[in-house]
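Working notes, structure below.
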There are 2 protein chains.
Amino acid sequence: MDKKVIQELIDRYVSVSFEVNKKAEALIKSQIEEDLTIDQHYIIGYIQKSEECTSSELAEAFEVNKSAITAIINRLADRGLIERTRDENDRRVVYLTLSEKGKELIQKTQEKVHLLVESFITQFDEAEITNFINTFEKLALILTNMKKEEVGE
Amino acid sequence: MDKKVIQELIDRYVSVSFEVNKKAEALIKSQIEEDLTIDQHYIIGYIQKSEECTSSELAEAFEVNKSAITAIINRLADRGLIERTRDENDRRVVYLTLSEKGKELIQKTQEKVHLLVESFITQFDEAEITNFINTFEKLALILTNMKKEEVGE
DNA sequence: GGTGAATAGTTTAACAGTTTAACTATTATT
DNA sequence: AATAATAGTTAAACTGTTAAACTATTCACC
C-alpha cells in the first residue's frame with residue numbers, strides 16, 4: 001500500500017472509531033433499564049451468555065483487574081441482580097449467576113438494544129453490512145493475537 | 001432482509017464491537033505516555049486538532065456534561081499540559097490550548113498510536129479496509145442522525 | 001436603557017470504576 | 001510438611017461522571 005494512503009486510512013479509522021464509540025455508547029445508555037450503568041449492563045450481559053462465569057473470567061474479558069470486577073459485582077449483588085455460589089470442589093472459585101430479577105432486567109434491556117442495533121443495521125444493504133461485520137471480526141482476531149504476542153504466550 | 005439473518009447480524013455486531021473496543025482500548029492504554037489516562041489522551045488529541053476549542057465543544061463531542069470536562073481540564077491544567085484563555089469579546093467563553101509540554105506529549109503519543117493502528121490496518125488488503133472504513137463512516141453518520149432525531153432537531 | 005432569559009463555565013456532593021498493594025483462603029507442587 | 005500459586009476480597013487513592021446550585025456574562029425585547 002502507498003504510504004500516503006495508509007496515513008489517510010489510519011487518520012480516518014482513529015477518528016471514526018472514536019466517534020462511533022461515543023455515539024453508540026450514548027445511545028445504549030439511553031436504552032438501559034432503571035439505574036444500570038453501561039458497565040453493569042455489559043457485565044450482566046456477559047454473565048447471562050456465559051456458562052459458569054467467574055470474576056477472573058470477567059476481569060480478562062473486560063481487560064481490568066479483578067478488584068474492579070469485585071466492586072461492580074458487589075453493587076449488583078447488593079441490588080439482588082446477581083448471586084454468588086462457591087464451587088464445592090475448588091472452594092477458591094465463586095460462580096456468578098443472575099437472579100430472576102437480574103434475568104428479567106437484562107432481557108428487557110437486551111431487547112431494546114437489539115431494536116436499536118437493528119434500526120441502524122437495516123439501513124445498509126445485506127452485502128455491505130455482512131462484509132463490514134466480517135472485517136470487524138477479522139480485526140477482533142488480529143487484536144487478540146497482538147495482545148497474545150505482547151504478553152508473550 | 002430475512003429476519004433470521006438480521007438477528008444473526010445484530011448478535012455478531014454487538015459482540016464484536018464490544019470485543020474490539022475493549023482490546024483496542026487496552027492496546028492504546030499500553031502505548032500512552034507517562035501517566036495520561038485514555039480520556040485525557042483523547043481530550044488532548046481533540047484540542048490539538050480543533051481550531052478554537054471550548055469546554056462546551058468538548059462536552060458535546062464526548063457526550064458528557066460540561067462539569068465532567070471541567071474536572072478533566074483542571075487536572076491537565078494543573079500538570080501544565082493545557083492553558084485557558086478568555087475570549088475578549090465574549091468573556092463567558094474560555095479557549096483551551098495545549099502548552100508546549102502538552103504538544104510534545106500528544107505528538108509522541110499519537111506517533112505510537114499511529115504505529116499501532118498501522119500495524120493492524122496493513123494486515124488487510126487495501127480494498128477490504130477501505131470498504132470497511134467507508135461503511136464505518138456511514139455508520140457514524142447514521143448514529144449522528146439518530147441522535148438528532150431523538151433530540152428532536 | 002433596564003429587566004429577565006439564555007449561555008459558558010465552575011463548584012460541590014455523591015457515586016461508579018479503576019489500579020496497586022496487601023490480605024485471606026484454598027489448592028498445587030515438590 | 002513447606003512453599004508456591006491461584007481466586008477472590010479489602011482498602012486507599014485516584015479519575016470520570018451526573019445533578020444541582022452557583023457566578024459571570026451576554027442576549028432579547030419591551
Side-chain angles (χ1 to χ4, degrees), chain A residues 18 21-22 25-26 28-30 32-47 50 52-79 81-97, chain B residues 18 21-22 25-26 28-30 32-47 50 52-79 81-97:
Chain A
F18 170 80
N21 280 355
K22 289 295 174 193
E25 199 158 282
I28 290 175
K29 210 181 285 179
S30 73
I32 282 177
E33 294 284 325
E34 289 170 50
D35 297 318
L36 232 46
T37 66
I38 289 246
D39 292 289
Q40 289 169 349
H41 163 70
Y42 279 127
I43 292 277
I44 293 181
Y46 191 101
I47 295 175
S50 167
E52 284 194 320
C53 190
T54 64
S55 284
S56 300
E57 189 184 338
L58 286 170
E60 201 167 334
F62 285 74
E63 308 248 12
V64 295
N65 287 356
K66 284 190 290 180
S67 56
I69 301 296
T70 299
I72 297 176
I73 297 298
N74 279 342
R75 288 182 202 110
L76 293 171
D78 287 347
R79 291 175 56 185
L81 299 170
I82 281 183
E83 279 155 12
R84 292 189 236 229
T85 50
R86 283 215 116 82
D87 182 332
E88 284 307 316
N89 296 330
D90 184 344
R91 299 194 46 74
R92 289 171 302 184
V93 344
V94 175
Y95 296 118
L96 304 168
T97 52
Chain B
F18 171 80
N21 280 355
K22 288 294 173 196
E25 200 158 283
I28 291 176
K29 210 181 286 180
S30 74
I32 282 178
E33 293 283 325
E34 292 170 49
D35 297 318
L36 231 46
T37 66
I38 290 246
D39 293 286
Q40 289 169 349
H41 163 71
Y42 279 127
I43 291 278
I44 293 181
Y46 191 99
I47 294 175
S50 168
E52 283 195 318
C53 190
T54 64
S55 283
S56 299
E57 189 185 337
L58 285 170
E60 201 168 333
F62 286 74
E63 307 245 10
V64 295
N65 287 355
K66 284 188 290 180
S67 56
I69 301 296
T70 299
I72 298 177
I73 297 299
N74 279 342
R75 289 184 200 109
L76 293 172
D78 287 349
R79 291 174 57 185
L81 299 170
I82 281 182
E83 279 154 13
R84 291 189 237 228
T85 50
R86 283 214 116 82
D87 182 332
E88 283 309 315
N89 295 331
D90 184 344
R91 299 195 46 75
R92 289 171 303 183
V93 344
V94 175
Y95 295 119
L96 303 169
T97 52

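Just so we're clear, the structure is a prediction, and the values are computed from it rather than from any experiment. Numbers restart at 1 for each chain; the letters A, B, ... are given by sequence-line order, proteins then strands.
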Study note, to complete from the structure: Per-nt protein contacts along nucleotides 24-30 of chain C (heavy atom under 4.0 Å; B base, S backbone sugar-phosphate only, - none) come out as -BBS---
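Residues Ile82(A) and Thr97(A) fail the side-chain proximity criterion, which asks for heavy atoms closer than 4.5 Å. At least one side-chain heavy atom of Arg79(A) sits less than 4.5 Å from a side-chain heavy atom of Gln40(A).
With respect to Glu25(A) and Lys22(A), no salt bridge is recorded, no charged nitrogen being found less than 4.0 Å from a carboxylate O.
Rounded to whole Å, the distance from CZ on Arg75(A) to P on dA14(C) is 16 Å. In this structure, CD of Glu63(B) is placed 15 Å from C1' of dT18(D), rounded to the nearest angstrom. Remark: C1' of dT18(C) and CD of Gln40(B) are 13 Å apart, rounded to the nearest angstrom. A straight line from CG of Leu81(A) to C1' of dA16(C) spans 15 Å, rounded to a whole angstrom. Glu25(A) places its CD atom 12 Å from the C1' atom of dG16(D), with the value rounded to the nearest Å. Atom-to-atom, CG of Asp78(A) to P of dG17(C) comes out at 12 Å; the value is rounded to the nearest Å. Regarding Asp39(A), its CG atom lies at a distance of 11 Å from the P atom of dT17(D), rounded to whole Å. The separation between Leu76(B) atom CG and dG16(D) atom C1' is 12 Å, rounded to whole Å.
Proximity of Thr37(B) to the phosphate of dG16(D): a side-chain N or O atom is located under 4.0 Å from OP1 or OP2.
When every heavy atom of Asn89(B) is checked against every heavy atom of Asp87(B), the shortest pair comes out as N-OD1, 2.6 Å.
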Strictly under 3.5 Å: I want the nitrogen or oxygen pairs between protein and nucleotides 9-12 of chain D, one per line.
residue : atom : partner  : partner atom : Å
dT9(D)  : OP1  : Arg84(A) : NH1          : 2.6
dT9(D)  : OP2  : Thr70(A) : OG1          : 3.0

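Distance CD1/Ile72(B) to OG1/Thr37(B): 7.0 Å, rounded to 0.5 Å. Put simply, CD1 on Ile38(B) and CD1 on Ile28(B) are 5.5 Å apart, with the number rounded to the nearest 0.5 Å.
Using a 3.5 Å distance cut-off with no hydrogens or angles, the side chains of Glu83(A) and Tyr95(A) do not pair a donor with an acceptor.
The salt bridge (Lys or Arg N to Asp or Glu O under 4.0 Å) with Glu88(A) is formed by just one residue from the set Arg92(A), Arg91(A), Arg86(A); it is Arg91(A).
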Exercise for review: Report the C-alpha distance between Tyr42(B) and Phe62(B) in whole Å, list the side-chain angles of each, state the deciding distance to 0.1 Å, and finish with yes or no for ring-ring contact (aromatic ring centres under 6.0 Å, His included).
Suggested key: CA-CA 9 Å; Tyr42(B) 279 127; Phe62(B) 286 74; 7.0 Å; no
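Between Asn65(A) and Ile38(A), the residue anchored nearer the 5' end of DNA chain C, judged by the nucleotide with its closest heavy atom, is Ile38(A).
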